[in-house]
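First up is the structure itself, then whatever we jot down about it.
Proteins come first, then strands; the chains are lettered A, B, ... in the order of their sequence lines, and each starts at number 1.
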2 protein chains.
Amino acid sequence: MKLFEDRISSAVARVRIALALKAVEVESVPTSILGAEPRSRSADYLAVNPQGLVPALLTDDGVLITQSLAIVEYLDEWFPEPALLPADPAERALARSVALSIASDIHPLLPPRVAKRLGTIPGADSMTAMEWNRHWIQEGLTAIEALLSRQPERLFAVGNAPSVADIVLFPQAINAERAGISLERWPRIAAVISSLRTIPAFAANAPVPRSADHRGPRR
Amino acid sequence: MKLFEDRISSAVARVRIALALKAVEVESVPTSILGAEPRSRSADYLAVNPQGLVPALLTDDGVLITQSLAIVEYLDEWFPEPALLPADPAERALARSVALSIASDIHPLLPPRVAKRLGTIPGADSMTAMEWNRHWIQEGLTAIEALLSRQPERLFAVGNAPSVADIVLFPQAINAERAGISLERWPRIAAVISSLRTIPAFAANAPVPRSADHRGPRR
């Protein structure tokens with residue numbers, strides 16, 4: 001299998017963590033999403049994935065799977081151990097809810113293509129995207145903290161083992177810290193992230209920091 | 001089961017279509033997301049769903065499930081007929097990819113809370129959110145058209161029966177048309193939507209149009 005990826009992407013990090021937990025090897029195809037002419041928007045890559053986004057997984061049978069959560073569900077079906085979804089239906093639903101609360105309500109508002117678009121609004125300046133990002137991260141993680149706080153306290157976000165909820169939460173929390181947002185105000189999230197940092201599949205697959213000259217909306 | 005919903009929400013429409021396809025009845029709890037003090041942000045509702053978003057499903061066992069795609073997966077597990085995910089693994093992955101391409105890459109950029117936030121950027125005017133929405137809808141549907149065009153032509157987005165891909169595509173396409181975007185430039189999507197319009201579970205559960213006085217970012 002080939003994984004088209006840019007290791008700065010937290011969506012890529014989700015897939016990398018899932019692969020590491022399951023000890024599945026893939027061929028990496030570096031596909032940069034940054035810069036004026038990112039490789040992710042090249043004609044070559046658009047012929048593979050017309051969305052021009054990463055991650056994308058190309059199976060040995062030539063099946064292209066886009067969208068990190070679709071890839072994680074696919075991996076979980078083909079490589080069932082360890083399971084990335086809890087066996088209990090209510091916990092399974094909660095794990096998907098937490099994952100989607102980040103993947104659909106926080107992260108889509110933060111990628112470079114959104115920052116770029118924000119920069120086209122008259123009056124937007126270099127702070128606009130930074131403040132925008134902080135707003136959605138803080139609002140989103142506050143809601144997730146409230147959801148998690150209703151559950152019995154555990155090492156992981158949901159259930160007794162790392163699940164898709166942790167796989168999505170971990171890169172988002174790391175990126176929040178890099179944006180200067182301390183996790184301390186969300187004690188449940190902070191405790192889960194502390195647990196996850198001790199697991200090599202997570203620790204080794206945090207999103208790679210963007211270099212300083214790539215920071216901010218004015219690339 | 002109780003469904004907290006505002007029928008203008010296309011995320012709510014996804015759950016309504018899934019329920020209708022499976023002929024599952026729920027108690028509706030109207031939870032408006034519009035206005036200066038939407039019911040979705042009331043203390044009462046935040047006690048139910050700390051995200052303050054709709055849809056949310058409360059099961060008879062008191063389990064709260066948020067996020068439309070987590071609800072659809074849960075419904076598909078508990079009420080297996082008709083299946084909302086294709087049986088073939090590659091088609092199942094594609095159905096989830098298409099659903100997530102909308103649910104994570106188009107729709108999160110369009111809801112009222114995002115339009116409201118855009119309105120706080122100095123220089124933003126009443127056109128900003130409209131142009132913003134059109135940009136993401138057009139970019140997103142163009143990519144989905146390219147993905148679908150690689151598949152054998154069928155009545156539905158993926159496979160031989162309505163799937164989660166159709167459930168998410170239908171409300172987004174209806175909203176695109178309401179934003180003045182003709183589907184004609186995307187023939188595969190247009191054909192799928194034509195098929196879906198003939199199915200009562202879809203036709204009866206399109207998102208309800210916002211009333212004129214609620215339109216635009218300046219509410």
Atom of B:Ala11, atom of B:Val54 and distance for their closest heavy-atom approach:
CB-O, 4.3 Å
Which region of B:Ile71, side chain (C-beta onward) or backbone (N, CA, C, O), has a non-hydrogen atom less than 4.5 Å from a non-hydrogen atom of chain A, or is it both or neither?
neither
Not counting sequence neighbours, list each pair that qualifies as a ring pair (Phe, Tyr, Trp, His ring centres under 6.0 Å) and has a residue in residues 9-33 of chain A.
none
Show the pairs of one donor and one acceptor atom, one from chain A and one from chain B, lying under 3.5 Å apart.
unit_1   : atom_1 : unit_2   : atom_2 : d
A:Ala47  : O      : B:Arg150 : NH2    : 2.8
A:Val48  : O      : B:Arg150 : NH1    : 2.9
A:Val48  : O      : B:Arg150 : NH2    : 2.8
A:Gln51  : OE1    : B:Ser101 : OG     : 3.2
A:Gln51  : NE2    : B:Ser101 : OG     : 3.4
A:Thr66  : N      : B:Ser97  : OG     : 3.4
A:Thr66  : O      : B:Ser97  : OG     : 2.7
A:Gln67  : NE2    : B:Ser101 : OG     : 3.4
A:Gln67  : NE2    : B:Asp105 : OD2    : 2.7
A:Glu73  : OE1    : B:Arg96  : NH2    : 3.4
A:Glu77  : OE1    : B:Arg92  : NE     : 3.1
A:Glu77  : OE1    : B:Arg92  : NH2    : 2.7
A:Glu77  : OE2    : B:Arg92  : NE     : 3.0
A:Glu77  : OE2    : B:Arg96  : NH1    : 3.0
A:Arg92  : NE     : B:Glu77  : OE1    : 3.1
A:Arg92  : NE     : B:Glu77  : OE2    : 3.0
A:Arg92  : NH2    : B:Glu77  : OE1    : 2.7
A:Arg96  : NH1    : B:Glu77  : OE2    : 3.0
A:Arg96  : NH2    : B:Glu73  : OE1    : 3.4
A:Ser97  : OG     : B:Thr66  : N      : 3.4
A:Ser97  : OG     : B:Thr66  : O      : 2.8
A:Ser101 : OG     : B:Gln51  : OE1    : 3.2
A:Ser101 : OG     : B:Gln51  : NE2    : 3.4
A:Ser101 : OG     : B:Gln67  : NE2    : 3.3
A:Ala103 : O      : B:Ser104 : OG     : 3.2
A:Ser104 : OG     : B:Ala103 : O      : 3.3
A:Ser104 : OG     : B:Ser104 : OG     : 3.2
A:Asp105 : OD1    : B:Arg113 : NH2    : 3.3
A:Asp105 : OD2    : B:Gln67  : NE2    : 2.7
A:Arg113 : NH1    : B:Glu139 : OE2    : 3.3
A:Arg113 : NH2    : B:Asp105 : OD1    : 3.2
A:Arg117 : NH1    : B:His135 : ND1    : 3.2
A:His135 : ND1    : B:Arg117 : NH1    : 3.2
A:Glu139 : OE2    : B:Arg113 : NH1    : 3.3
A:Arg150 : NH1    : B:Val48  : O      : 2.9
A:Arg150 : NH2    : B:Ala47  : O      : 2.8
A:Arg150 : NH2    : B:Val48  : O      : 2.8

Honestly, the part of A:Leu94 sitting under 4.5 Å from a heavy atom of chain B is neither
Contacts of A:Ala18 that satisfy side-chain contact (heavy atoms from CB on, under 4.5 Å) - sequence neighbours left out
A:Val72, A:Leu75, A:Leu84, A:Ile167
Who wins among A:Gly140, A:Pro122, A:Ala146 for the most heavy-atom pairs under 4.5 Å with chain B?
A:Pro122
For a 4.5 angstrom cut-off between non-hydrogen side-chain atoms, does A:Leu100 reach B:Leu100?
yes
Does A:Leu57 reach the side chain of A:Val15, with side-chain heavy atoms less than 4.5 Å apart?
no
May I ask you to test the B:Leu58-B:Val63 pair for a side-chain heavy-atom distance under 4.5 Å?
no
Heavy-atom pair count under 4.5 Å with chain A, highest-scoring of B:Val114, B:Leu69, B:Ile65, B:Ile144
B:Val114
Greatest number of non-hydrogen atom pairs under 4.5 angstrom with chain B, of A:Ala143, A:Ala103, A:Pro50, falls to A:Pro50
Tell me, side chain or backbone of B:Ile106 under 4.5 Å from chain A's heavy atoms, or both, or neither?
neither
Here the ring pair (Phe, Tyr, Trp, His ring centres under 6.0 Å) pairs for residues 52-71 of chain B, sequence neighbours left out, are none
Side chain / backbone / both / neither for B:Ala47 at chain A, heavy atoms under 4.5 Å
backbone
Can you tell me how far apart CZ (A:Phe4) and CG (A:Leu64) are? Round to the nearest 0.5 Å.
7.5 Å
Please examine the side chains of A:Leu3 and A:Val29, heavy atoms only from C-beta on, and report whether any two atoms are closer than 4.5 Å.
no
CG (A:Leu109) and CD1 (A:Ile137) are apart, to the nearest 0.5 Å, by 10.0 Å
Residue B:Val98 versus chain A: region with a heavy atom under 4.5 Å
neither
